[in-house]
Amino acid sequence: MPREVKSRIAILISGRGSNMLALADAVREGSVPQMEIAIVISDQPNAAGLAHAQSQNLPTAVVERRGRSRDEHDRELVTVLQEHQVDFVCLAGYMRLLSSHFLSAYRNRILNIHPSLLPAFPGLDAQRQALEHGAKFTGCTVHFVDQTLDGGPIIAQRIVPVRDDDTEETLSARILDEEHTLYAEALAIVNGGAYEIVGRRVVLK
Ligand code: GRF
């Protein structure tokens, strides 16, 4: 029997928001079934992605750090998420680490996308790290967020070749194309619920 109630997603951004837009498209087109975007939140009032979200009539909010501690900032964020009855949180270019309060409020319900095949090249500038390392293949990863940096259980990955003439820009663009479909696929898996987290592994049922 189809479920009546849709899961509500918050997408957290800090910048241009192309993954946020790709997720919003996927939700609208039905490739992420039974979900709706509850809110797009940015910690940066001038994030380009905020204007893009507004132009698509998505609800938005800005929760700035304003010199507060990570814990204080995240407590406000969690309050906003709860007010919007959010079930899942998708980090999409959100440039902050999360506090333990946030992590435990949404345990195994926070996803992140990272532009490498984790556990290779965590942290900033993953595409540049792959080029500088001389990797022949890299890619993108959607994973659950835990207290480690880009280290939580992996939900889905996509491989992208590195070409000899790649620059950081060309490689990033090739990876980004894959990110835009991978995130929706991973979110559909999670919302479908047909998986188990066994140790570090996300095992599909
Ligand atoms: C993406 O490459 C994502 O993997 C990383 O930050 C970038 C965000 O891009 N976490 P956008 O804001 O979604 O366009």
Side-chain angles (χ1 to χ4, degrees), residues 9-29 31-32 35 37 39-56 58 60-65 77 88-98 102-103 106 110-133 135 137-162 166-187 189-190:
I9 318 162
I11 307 178
L12 269 56
I13 63 171
S14 297
R16 77 190 152 182
S18 71
N19 277 290
M20 175 273 298
L21 287 176
L23 276 177
D25 284 347
V27 167
R28 195 177 311 111
E29 289 159 7
S31 50
V32 188
M35 299 199 99
I37 311 264
I39 187 137
V40 174
I41 303 177
S42 174
D43 63 325
Q44 304 292 331
N46 299 323
L50 262 187
H52 296 320
Q54 284 156 359
S55 72
Q56 303 229 346
L58 295 169
T60 59
V62 176
V63 181
E64 286 182 87
R65 177 82 176 251
L77 262 176
F88 294 101
V89 179
C90 292
L91 308 184
Y94 183 68
M95 299 302 287
R96 292 193 183 282
L97 297 173
L98 307 187
F102 191 165
L103 290 169
Y106 284 89
I110 309 171
L111 285 66
N112 181 45
I113 187 153
H114 183 78
S116 77
L117 285 179
L118 290 169
F121 314 128
L124 292 176
D125 300 322
Q127 303 95 331
R128 189 191 312 162
Q129 292 185 55
L131 276 178
E132 286 177 354
H133 196 90
F137 292 91
T138 180
C140 46
T141 303
V142 178
H143 62 94
F144 286 112
V145 176
D146 64 11
Q147 70 288 352
T148 62
L149 175 66
D150 299 324
I154 291 170
I155 303 161
Q157 293 188 300
R158 192 70 63 66
I159 297 169
V160 173
V162 180
D166 262 335
T167 62
E168 200 179 332
E169 288 69 34
T170 58
L171 179 59
S172 298
R174 193 174 314 116
I175 295 171
L176 194 63
D177 272 349
E178 299 297 333
E179 291 183 40
H180 289 164
T181 53
L182 186 72
Y183 214 161
E185 283 174 28
L187 190 55
I189 290 171
V190 171

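Order of listing sets the numbers, starting from 1, for every ligand and every atom in it. Nothing here was measured: the structure is a model prediction, and the numbers come from that model.
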**Q** Yes or no: does I113 have any heavy atom under 4.0 Å from an atom of ligand 1?
**A** yes
**Q** Are any of the N or O atoms of G17 closer than 3.5 Å to those of ligand 1?
**A** yes
**Q** So which of E179, H114, H52 gets nearest to atom 1 (C) of ligand 1, if we judge by its closest heavy atom?
**A** E179
**Q** Compare all side-chain heavy atoms of I41 with those of V62 and state whether any distance is below 4.5 angstrom.
**A**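 Sidechains of V62 and I41: no contact.
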**Q** Enter the distance from S116:OG to Q129:CD here, rounded to the nearest 0.5 Å.
**A** 7.5 Å
**Q** Please state which protein non-hydrogen atom is closest to atom 6 (O) of ligand 1 and give its distance, to 0.1 Å?
**A**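 Ranking protein heavy atoms by distance from atom 6 (O) of ligand 1, first comes G93 CA, 3.6 Å.
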**Q** Taking the non-hydrogen atoms of G49, is any one of them nearer than 4.0 angstrom to ligand 1?
**A**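 G49 does not count as a contact of ligand 1 under the 4.0 Å cut-off.
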**Q** If you measure only the distance, is there a donor-acceptor pair under 3.5 Å linking the side chains of Q44 and S14?
**A**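 There is no such pair (donor and acceptor under 3.5 Å, judged by atom type) between the side chains of Q44 and S14.
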**Q** Would you mind telling me which of L91, V142, I113 makes a side chain to side chain contact (heavy atoms under 4.5 Å, CB included) with N19?
**A**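 The single option meeting the side chain to side chain contact (heavy atoms under 4.5 Å, CB included) with N19 is I113.
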**Q** Would you call E185-R158 a salt bridge at under 4.0 Å N-O?
**A**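 Between R158 and E185 there is a salt bridge, with a charged N closer than 4.0 Å to a carboxylate O.
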**Q** For atom 9 (O) of ligand 1, what is the closest protein heavy atom, and at what distance to 0.1 Å?
**A**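 Here the closest protein heavy atom is R16 NH2, 3.2 Å.
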